[in-house]
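Following: one structure in structure tokens, then a few remarks.
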Amino acid sequence: MADEHDTIDALLDEQRTFPPTAAFKEQALVADTSLYDEARRDDEGFWARQAADLVTWHSDWHTICEWELPFSKWFVGGTLNVSENCLDRHVAAGRGETVAFHWEGEPGDTRTITYADLLTEVQQFANVLKGLGVGKGDRVNIYLPMIPEAAVAMLACARIGAPHSVVFGGFSAQSLTDRINDAEAKVLITADGGYRRGEVFPLKPAADEAIADCPTIEHVVVVRRGGNDVDMVAGRDHWYHELMDGASADCPAEPMDSEQLLFLLYTSGTTGKPKGIMHTSGGYLTHVAYTHKYVFDLQPDDVYWCTADVGWITGHSYIVYGPLANGATQVMYEGVPNYPDNDRFWAIIEKYGVTKFYTAPTAIRTFMKWGAKEPAKHDLSSLKVLGTVGEPINPEAWIWYHTNIGGGRCPIVDTWWQTETGGMMISPLPGCTTTKPGSATFPLPGVSAEVVDDEARPVLHGGGYLTLTRPWPGMLRGIWGDPQRYQDTYWSRFEGRYFAGDGCKLDDDGYLWLLGRVDDVMNVSGHRISTAEVESALVSHPSVAEAAVVGANDDTTGQAIIAYVTLRGGLDASIDDLRTHVAHEIGAIAKPKTIYFTPDLPKTRSGKIMRRLLRDVAEGRNLGDTTTLADASVVNELQRRAAEVPTED
Ligand code: 7RM
């Protein structure tokens, strides 16, 4: 057994608990521990039952899991077609008229797309791709706004076994070039432009710039959305609607191997070139269908809305593959949450009667800034389960979400997972888990996680590193073109374990509390303090909406805690107030040395705080790589202020 020493000091002690209500339990798919018990007895058998229950196979697998560390194969020998699982089987079961997507454009235009409609469009587009010379194994790049054609394109690729590589529409031409070239994609699917904050943002010009340096691209398919003028290169560029006009709606789904590459999704490492994370078919689909069903307690009359972009793994797993495999009805929204006004999301929930809602802590903290009066303008009584993903959620943001969006009655599922894990790994089950605000609670049935210290000894209480000890069906199969980097990045820090890169603490009741990336852990006078905990303490002050904390080099303490704080609209607090508050919440050792007030924090395009840049600012360095930053002006402003603001001692 490990001795009780903290690899990362655990400081915050959140005591509030929220058991599922009797009313929720009564209707829940899972209201007891039966799934956990079953998976504990035989995890492979458990996953095999999910694969048999939730996925339709052309032929059976002979081996559930082949595990040659660090490479796994799932449902080996089985064949299936992922797009058939997402479409044909629902139509064949008489659910063709069920709405797959209530799509809402940012300007307010709408489309209602049934499963039958989606199946027709996907078959047509699969034929279009074949007509452009795309065959099984060929990579297709997708660079689109949040329009239904994004899902159509992904499913059409899946139908013919052509792995897709979706690049988020907010990425620059250079990022697109790098990703296309690494994947050696043959075809690019893009749009003229899309809507964002009331204006058309052009995509095709960026795509043109990108592919000027992409020798493998043979054809470009352009969806008309923005209506902006674009150049079309004869022979290379084609309008989507023109190709679809002449396309047959008959493209039978061919069986694919369970381990057929379904997609690549690029994720930027801390350094160097982005990694093409590989996901395959049968295991991935099983994992995302299972987690989507049980974590959201999916019911036949649900209207589910995930606010992610399809360019991120959350969009792949919990807009496209998981929900469609489960035959769910969804809302898909094109634009930003504050167009035309700050209540757009709440208006959408009311309009469509959304029951299950999945968003990110960064969005929730923004909503807190805008104030509870915005959701109060709308009837949100349709909501039943609320989800979060992407970052640790501070207890205060959790409580705000629970109170102001969930009306105090909706369980919150805080879901921890990664691009690499493919699907959710640590999360409550809403009908069975007593939640604690800020904790992702326990590994899902079938998932084995362990917190360890520097020497890979299990930590039974306190802070350490989150590792995964058994393979799981949705796990990445590697990094495209670089098996060594796969081994080095994920499997070398702790022998025989997948290391996710996140710090995590275990409390007395065995709950897991994610502490952020370990690169973000600070060392103050020998205490290893997680940025997430100091941020949570700051955000628990009534005037604070959002906070980012970093450790900057310090002659006396090794590192000093520097905080960047955004206040809630109309509220005020002094630096002294906040330092005292942190000391009171978690102890004097965690008091920030310096606090800067800022209207915004630097974030990645998917909304994660970029602490690395704040460290550069705090230490007076030139900024490193800023290409993944959503809005560069934020750090420039902080640099200017850093030069001006005196340090508190
Ligand atoms: C789904 C996604 C992965 C990283 C991961 C964590 C952080 C995600 C949570 C979380 C605390 C959560 N994929 N993260 N979910 N931290 N609680 N519920 O975000 O590949 O883009 O990022 O995100 O650090 O390692 S991702």
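One-based numbering, in listed order, for ligands and for the atoms of each. Keep in mind it's a predicted model, so treat the numbers as computed, not measured.
The shortest N/O to N/O separation between Thr388 and ligand 1 does not fall below 3.5 Å.
In summary, Arg16 and Glu396 engage in a salt bridge, as defined by a charged side-chain N under 4.0 Å from a carboxylate O. Salt bridge absent: Lys603 and Glu391 never bring a charged side-chain N and a carboxylate O closer than 4.0 Å. At a threshold of 4.0 Å, the pair Asp309-Arg605 does not count as salt-bridged, since none of the basic side-chain nitrogens sits closer than that to a carboxylate oxygen. A salt bridge does not link Lys384 to Asp297: none of the charged nitrogens lies less than 4.0 Å from a carboxylate oxygen.
Closest to atom 5 (C) of ligand 1, if we only count protein heavy atoms, is Asp502 OD2, 3.2 Å. Here the heavy atom of the protein found nearest to atom 20 (O) of ligand 1 is Thr419 OG1, 2.6 Å. Atom 4 (C) of ligand 1 has Lys608 NZ, 4.0 Å as its closest protein atom, hydrogens excluded (heavy atom only). Nearest protein heavy-atom contact of atom 7 (C) of ligand 1 is Gly390 O, 3.2 Å. Here the heavy atom of the protein found nearest to atom 11 (C) of ligand 1 is Pro392 N, 3.1 Å. Glu391 O, 3.5 Å is the protein heavy atom nearest to atom 12 (C) of ligand 1. Scanning the protein heavy atoms around atom 3 (C) of ligand 1, the nearest turns out to be Trp417 O, 3.6 Å.
Remark: Lys356 fails to qualify as a cation-pi partner of Phe296 under the 6.0 Å distance and 45° angle criteria applied to the six-membered ring.
Between Phe345 and Phe367, a ring centre-to-centre spacing shorter than 6.0 Å is recorded. Ring-centre distance between Tyr486 and Phe71: below the 6.0 Å cut-off.
Using a 4.0 Å cut-off to heavy atoms of Val389, the atoms of ligand 1 that qualify are 1 (C), 15 (N). Listed by atom number, the atoms of ligand 1 under 4.0 Å from Ile313 heavy atoms are 1 (C), 13 (N). For ligand 1 and Thr415, the ligand atoms under 4.0 Å from any heavy atom of the residue are 9 (C), 12 (C), 15 (N), 18 (N). The contact set between ligand 1 and Asp414, taken as ligand atoms under 4.0 Å from a residue heavy atom, comprises 12 (C), 17 (N), 18 (N).
Taken to the nearest 0.5 Å, the CD1 atom of Ile364 stands 4.5 Å off from the OH atom of Tyr401.
Of the heavy atoms in Thr314, only side-chain atoms (C-beta onward) come closer than 4.0 Å to ligand 1.
Within the set Met425, His316, Arg517, Glu420, the minimum heavy-atom distance to atom 25 (O) of ligand 1 is found for Arg517.
Heavy-atom neighbours of Arg196 CZ from other residues, nucleotides or ligands within 6.0 Å: at or below the threshold of 12.
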